[in-house]
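Here is the structure we will look at.
Whatever order the structure lists them in is the order used to number ligands and atoms, beginning at 1.
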Amino acid sequence: MRFDIITLFPEIFNFYFEQSILSRAQKNKIIKIGVHNLRDFAFDKHKTVDDKPFGGGRGMVLKIEPIYKAVRKLKAKKSNKTKVVLFTPRGKKFNQKMATDWAKLDQLILICGRYEGADERINKLVDEKVSIGDFVMMGGDLAGLIVVESVARLLKGVVGNSESLIGERITPEKGFVEYPQYTRPEVFETKGGQKWRTPKVLLSGNHQKIEKWRKGHSKVIE
Ligand code: SAM
């Protein structure tokens, strides 16, 4: 699967994607990630990507032309399993079901906004407008990282033994189960002498009881 990210801050992504699992997934050719500087698609020699809003008001707005040019260039011509996503706090809230659906695509183009957002005519270019929560950030870059992380980890071969998906999934439709985990030491002693213990059932070796305990403490993420 291919991810194409349109951003004004490519360095943020390049550093992140060189780390750990996502780096390995790229080396193993399970995913391809292209990080594209929106300024490279600007039309003028000053590489202008923003302008004042018509009608006045605060801040600057991302211009439509560079975004249009970038999406046209990046969108895979041969596949219809491509989705163009714009990050905006006004969008549909991102969730695990969307990540699961998107993991079946060939390409995700992620547009990370800045300033006061993008010229509204961007709606003609995007398939979905997505928010990662009911708060406003300064840019969509972190949203882009979140989407790549959550979609990529669902692709076969991305997550190894260290973070198994087995047992976590009920069905792709119904969602995922997350339960509390513990690791050594069995008892952790704080500086003040408090003892923080691992639940005994997890140390019992009784797999039926462990499963039951996990079910009782699970949260299904839909
Ligand atoms: N009024 C703008 C709008 O409705 O898109 C908000 C601008 S916000 C200050 C700057 C950029 O940060 C947005 O264009 C968007 O890409 C990103 N952003 C901010 N909060 C976000 C959120 N909760 N989810 C996704 N992206 C967000």
Side-chain donor-acceptor distances from residues 44-56 under 3.5 Å, at least two apart:
residue: D44; atom: OD1; partner: K47; partner atom: N; Å: 3.3
residue: D44; atom: OD1; partner: T48; partner atom: N; Å: 2.8
residue: D44; atom: OD1; partner: T48; partner atom: OG1; Å: 3.4
residue: D44; atom: OD2; partner: T48; partner atom: OG1; Å: 2.5

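Within ligand 1, counting atoms from 1 as listed, the ones closer than 4.0 Å to a heavy atom of R90 are 3 (C), 4 (O). Contact atoms of ligand 1 toward G117: 7 (C), 14 (O) (distance under 4.0 Å to a heavy atom of the residue). Of all the atoms in ligand 1, the ones that sit under 4.0 Å from a non-hydrogen atom of Y115 are 7 (C), 8 (S), 9 (C), 10 (C). Residue G113 approaches ligand 1 through these ligand atoms, each under 4.0 Å from one of its heavy atoms: 11 (C), 14 (O), 16 (O). The distance from ligand 1 to the heavy atoms of G140 drops below 4.0 Å at these ligand atoms: 12 (O), 16 (O), 17 (C). Each of the atoms 1 (N), 2 (C), 7 (C) of ligand 1 lies under 4.0 Å from some heavy atom of E116.
Distances from atom 23 (N) of ligand 1 to the heavy atoms of F135, F94, F87 show the closest one on F135.
The N/O atoms of P89, backbone and side chain alike, include none that comes under 3.5 Å of an N/O atom in ligand 1. For ligand 1, the polar-atom distance check against V136 finds no nitrogen or oxygen pair separated by under 3.5 Å.
Using a 4.0 Å cut-off between heavy atoms, M137 contacts ligand 1 through both its backbone and its side chain. At a heavy-atom distance under 4.0 Å, only backbone atoms of V130 (N, CA, C or O) approach ligand 1.
Closest heavy-atom contact between K83 and E128: NZ-OE1, 2.8 Å.
For atom 5 (O) of ligand 1, the nearest non-hydrogen atom of the protein is T88 OG1, 3.0 Å.
In terms of the ring pair (Phe, Tyr, Trp, His ring centres under 6.0 Å) criterion, residue partners of F94 (sequence neighbours excluded) are, by chain and number, W102.
The main-chain N or O of A76 is found under 3.5 Å from a side-chain atom of Q107 such that the two form a donor-acceptor pair.
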